[in-house]
Amino acid sequence: MLDIRRIRNDLDAVKAALARRGEDTSELDRAFELEARQRRLVLERDQLRNRVRTLSKQVGGLHREGKGEEAAAVQDDSRRLGAEEARLAEEAGTLGAELRDLLLRIPNLPHPDAPDGEDDTDNPVIKVVGFDPDGYGAHQRVPHWEVGEELGILDNARAVKISGSMFTMPRKGGATLARALCQLALDRNADAFEEVRPPSLVLTETLAATGQLPKFADDAYAVERDDLWCVPTAEVPLTSLARDEVVDEVDLPMRLMAYTPCYRREAGSAGRDTRGMLRAHEFDKVEIFAYAAPSSAPKLLEEMLGRAEATIVELDLAYRVVEICTGDLGQSHHRSFDVEVYAPGCDQWLEVSSVSWFADYQARRANIRYRPTAGKGTELVHTLNGSALAVPRVWAAIVEAYRQPDGSVRVPLALLPYFRGATEIR
RNA sequence: GGAGAGGUGCCGGAGUCUGGUUGAUCGGGCUUCCCUGCUAAGGAAGUGACGGGGUAACCCGUCCGUGGGUUCAAAUCCCACCCUCUCCGCCA
């Protein structure tokens, strides 16, 4: 959520920044006006409350001195003021709640360097690595859902029987491949990131801290009976790990990584990418994450993007990096980059990683601060995260790119340690 | 799920029965200073967060698990909920 004081003091600049996202800025006017009213009420309420407290202390004193009648008179005054104070407090509370709800729905401001644009077609391609459109043989031009069926390593028909449409079920070497990819991503980032295995069912406030709620409730699975939500990404529990805490600056950046299953209802994308592994309600992902002091955030963003790329390089897949333009930026994102691998069989660039910097947007929602080594008080941390590796699409790209003329799939070198001696999936 | 105990500041731990200058006794920790002099002991002062007002010094308000209620006044009384610990039950 945005800093209300910034809206108060620099409304035009905030509006200009938000407008770059193609966002309606009238919400900001409403927030500005709401907050001004709320602040006036709180001030009045505080003054009344102070009066009531003062009078109450007098009552105590008078009773001790045995002046019952005088005490009763003061009590009457205080009671009248108290009633007025309660009325103001209620009004201020209502306005405060309204303001907070409004602020929770206003997206983050884009980074000044984020490219302008309306939608994903405006995302500039930053670089392309290892891609030769003519370098693929006919045996690699088979979509992974066909390869999967042929080799018996992807049994989506049964997944649908078990759980309904848009669920997947890798089997045999395909299942090993999925697990190996998670393992690889964790192993390659263990040098700098603490491994965490967080819960994948979380409270409403946990989902709200990252920005999924209240605006995107339809995208998440809810376990209503127990007021829990299935996490759409490990970003969600990791962001709340330090919620309502104050960390020392010397402990920053705090780097965490986690494997979790990810659950997405994909409301609005029904019927899209329904084949194979491209889009599913449940998939596996390894996420890398950091809490950082603001000054070190840009460097970390770069590093995390580099790490996402490095794993793809090690898997020897062609990929490209795109920067997300202002119109395509996610609600909480300040600046973002996607890594897309090329899948020769379905002839598509598949988004396999998204690395983002949130500035203090999530930290303000989640109340995560740090104590600067120099100076007094506390500051909000910055949060960053990125997919170290999202399994399904990398799985698809490997199955297609590593397919051999005889129809088997060679195991990538980097994954051999996880394949129990097998060098091929057949 | 059942029974019992408990949740207070950076930590430990009073205060709750008997509501009243209690942001909260005391101890520890931490910071600064003094003494001593060398990695010990002693003395003094300071030590939270958040919001608001003020050029500033500073002032006001909120916070004793959370949310309600009673009252002139709540850490203290009442209700609901959450969490922790112990025992029982169930269980991968």
Side-chain angles (χ1 to χ4, degrees), chain A residues 1-9 31-104 197-209 223-229 237 240-252 261 291 360 362-381:
Chain A
M1 111 184 134
L2 300 180
D3 185 356
I4 188 64
R5 276 169 297 195
R6 199 159 154 207
I7 295 175
R8 189 198 301 157
N9 298 327
F32 180 89
E33 192 263 343
L34 214 54
E35 200 257 349
R37 270 165 58 203
Q38 199 249 4
R39 203 150 32 95
R40 263 198 310 277
L41 282 174
V42 166
L43 182 64
E44 274 183 65
R45 182 206 63 190
D46 283 358
Q47 287 165 346
L48 273 175
R49 195 170 275 177
N50 179 243
R51 194 77 196 112
V52 169
R53 286 169 58 108
T54 309
L55 289 179
S56 294
K57 280 172 188 167
Q58 286 177 15
V59 173
L62 290 170
H63 274 303
R64 265 193 303 277
E65 293 166 26
K67 299 176 179 169
E69 275 179 37
E70 283 180 51
V74 177
Q75 276 182 34
D76 283 342
D77 283 351
S78 183
R79 192 175 309 143
R80 263 194 305 280
L81 290 173
E84 175 66 6
E85 186 247 298
R87 195 185 63 75
L88 284 174
E90 196 191 336
E91 205 176 329
T94 307
L95 285 183
E98 207 178 314
L99 177 64
R100 182 172 167 81
D101 186 66
L102 182 61
L103 286 173
L104 284 176
R197 176 49 250 243
S200 33
L201 255 39
V202 300
L203 295 169
T204 295
E205 36 195 319
T206 304
L207 203 60
V223 184
E224 287 182 28
R225 190 166 74 164
D226 297 295
D227 185 32
L228 289 169
W229 302 79
S240 278
L241 191 116
R243 195 173 72 219
D244 295 318
E245 293 187 26
V246 181
V247 301
D248 286 326
E249 187 174 8
V250 292
D251 295 325
L252 297 177
Y291 298 109
D360 59 13
Q362 293 180 324
R364 187 170 291 106
R365 290 173 164 245
N367 188 28
I368 308 165
R369 290 163 296 146
Y370 72 98
R371 211 181 300 283
T373 314
K376 290 200 294 187
T378 59
E379 306 279 343
L380 292 167
V381 301

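A, B, ... follow the sequence lines: proteins, then strands. Residue 1 opens every chain.
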**Student:** Rounded to whole Å, please give me the gap between CG in A/Leu81 and P in B/rA73.
**Tutor:** 11 Å

**Student:** Any base atoms under 4.0 Å from A/Arg51, or only sugar-phosphate, or nothing? Heavy atoms, all strands.
**Tutor:** nothing

**Student:** Using the C1' atom in both, what is the distance from B/rG6 to B/rG65, to the nearest Å?
**Tutor:** 11 Å

**Student:** Any base atoms under 4.0 Å from A/Gly61, or only sugar-phosphate, or nothing? Heavy atoms, all strands.
**Tutor:** nothing

**Student:** Taking the same atom, P, in B/rU76 and in B/rU21, what whole-Å distance lies between them?
**Tutor:** 14 Å

**Student:** Output yes when A/Glu44 and A/Arg40 qualify as a salt bridge under the 4.0 Å nitrogen-oxygen rule, no when they do not.
**Tutor:** no

**Student:** To the nearest Å, give me how far apart CD (A/Gln47) and P (B/rG52) are.
**Tutor:** 15 Å

**Student:** Measure from the side chain of A/Ser56, starting at C-beta and using heavy atoms only, and say which of B/rU21, B/rC72, B/rG61 lies closest.
**Tutor:** B/rC72

**Student:** Under a 3.5 Å limit for both distances, which nucleotide forms a Watson-Crick or G-U wobble pair with B/rU70, could you say?
**Tutor:** none

**Student:** How many Å lie between CD1 on A/Ile4 and P on B/rC50, as a whole number?
**Tutor:** 17 Å

**Student:** Between A/His63 and A/Glu70, do the side chains contain a donor N or O and an acceptor N or O under 3.5 Å apart?
**Tutor:** no

**Student:** Starting from the 5' end of RNA chain B, give me the residue, A/Arg8 or A/Arg45, whose nearest nucleotide shows up first.
**Tutor:** A/Arg8

**Student:** Applying the Watson-Crick and G-U wobble criteria at under 3.5 Å, what pairs with B/rA5? Answer none if nothing qualifies.
**Tutor:** B/rU84

**Student:** With a non-hydrogen cut-off below 4.0 angstrom, is A/Val59 in contact with a base, only sugar-phosphate, or nothing?
**Tutor:** base

**Student:** Distance check needed: B/rA73 P versus A/Arg80 CZ, whole Å only.
**Tutor:** 13 Å

**Student:** State which of B/rG51, B/rC72, B/rG61 makes the closest approach to the side chain of A/Arg79.
**Tutor:** B/rC72

**Student:** What integer number of Å spans the P atoms of B/rC81 and B/rA24?
**Tutor:** 34 Å

**Student:** To the nearest Å, how far apart are A/Glu205 CD and B/rU66 C1'?
**Tutor:** 10 Å

**Student:** Taking the side chain of A/His63 as its heavy atoms from C-beta onward, which of B/rG20, B/rG61, B/rG53 lies nearest to it?
**Tutor:** B/rG20

**Student:** Look through every strand shown and name the nucleotide pairing with B/rG27 as Watson-Crick or G-U wobble, where both distances are under 3.5 Å.
**Tutor:** B/rC11

**Student:** What is the pairing partner of B/rC17, taking Watson-Crick or G-U wobble pairs with both distances under 3.5 Å in any strand?
**Tutor:** none

**Student:** NA contact type, A/Ser78, heavy-atom cut-off 4.0 Å: base, sugar-phosphate, or nothing?
**Tutor:** sugar-phosphate

**Student:** For A/Glu69, does the CD atom sit with more than 12 other heavy atoms under 6.0 Å from it, leaving out its own atoms?
**Tutor:** no

**Student:** When you compare the side chain of A/Ile368 with that of A/Tyr291, does any pair of heavy atoms fall below 4.5 Å?
**Tutor:** yes

**Student:** For A/Asn50 and B/rG61, what is the distance between atoms CG and P respectively, to the nearest whole Å?
**Tutor:** 4 Å

**Student:** Report the nucleotide, chosen from B/rU62, B/rU21, B/rG51, that has the shortest atom-to-atom distance to any side-chain atom of A/Arg49.
**Tutor:** B/rU62

**Student:** Could you tell me the Watson-Crick or G-U partner of B/rU76, where both distances fall under 3.5 Å? Say none if there is no partner.
**Tutor:** none

**Student:** Phosphate oxygens OP1/OP2 of B/rG48: is one of them under 4.0 Å from a side-chain N or O of A/Arg371?
**Tutor:** no

**Student:** With nearest nucleotides of RNA chain B determined for A/Asn367 and A/Arg64 from heavy-atom distances, which residue corresponds to the more 5′ nucleotide?
**Tutor:** A/Arg64

**Student:** Picking from B/rU21, B/rG61, B/rG53, which would you name as closest to the side chain of A/Arg53?
**Tutor:** B/rG61

**Student:** Are the side chains of A/Leu34 and A/Glu98 in touch, meaning some heavy atoms are under 4.5 Å apart?
**Tutor:** yes

**Student:** Rounding to an integer number of angstrom, what distance separates B/rC11 and B/rU25 when you compare their P atoms?
**Tutor:** 16 Å

**Student:** Could you check which nucleotide pairs with B/rU55 in any of the strands shown, counting Watson-Crick or G-U wobble with both distances under 3.5 Å?
**Tutor:** none

**Student:** Taking the C1' atom in each of B/rA41 and B/rA49, what is the distance between them to the nearest angstrom?
**Tutor:** 35 Å

**Student:** From the set B/rG52, B/rG61, B/rG20, return the single nucleotide nearest to any side-chain atom of A/Asp46.
**Tutor:** B/rG61

**Student:** Does the pair A/Arg37/A/Glu33 count as a salt bridge with the N-to-O cut at 4.0 Å?
**Tutor:** yes

**Student:** Report the base-pairing partner of B/rA49 (Watson-Crick or G-U wobble, both distances below 3.5 angstrom), or none.
**Tutor:** B/rU62

**Student:** Quantified in whole Å, what is the P atom distance between nucleotide B/rG67 and nucleotide B/rU8?
**Tutor:** 16 Å

**Student:** Tell me which nucleotide among B/rC50, B/rC72, B/rC60 gets nearest to the side chain of A/Arg369.
**Tutor:** B/rC50

**Student:** I need the CG-P distance between A/Leu88 and B/rG61, as an integer number of Å.
**Tutor:** 16 Å

**Student:** Where the side chain of A/Thr378 is concerned, which of B/rG53, B/rA49, B/rG61 is the nearest nucleotide?
**Tutor:** B/rA49

**Student:** Suppose you measure atom P in B/rG4 against the same atom in B/rC64; what distance do you get, rounded to whole Å?
**Tutor:** 27 Å

**Student:** Considering every strand shown, what is the Watson-Crick or G-U wobble mate of B/rC35 when both distances are under 3.5 Å?
**Tutor:** none

**Student:** When you compare B/rG9 with B/rG48, how far apart are their C1' atoms, in angstrom units rounded to a whole number?
**Tutor:** 7 Å

**Student:** Regarding A/Arg369 and A/Glu379, does a basic nitrogen lie under 4.0 Å from an acidic carboxylate oxygen?
**Tutor:** no

**Student:** Would you call A/Arg49-A/Glu85 a salt bridge at under 4.0 Å N-O?
**Tutor:** yes

**Student:** Find the distance A/Asp244:CG to B/rG9:C1' and express it as a whole number of Å.
**Tutor:** 17 Å

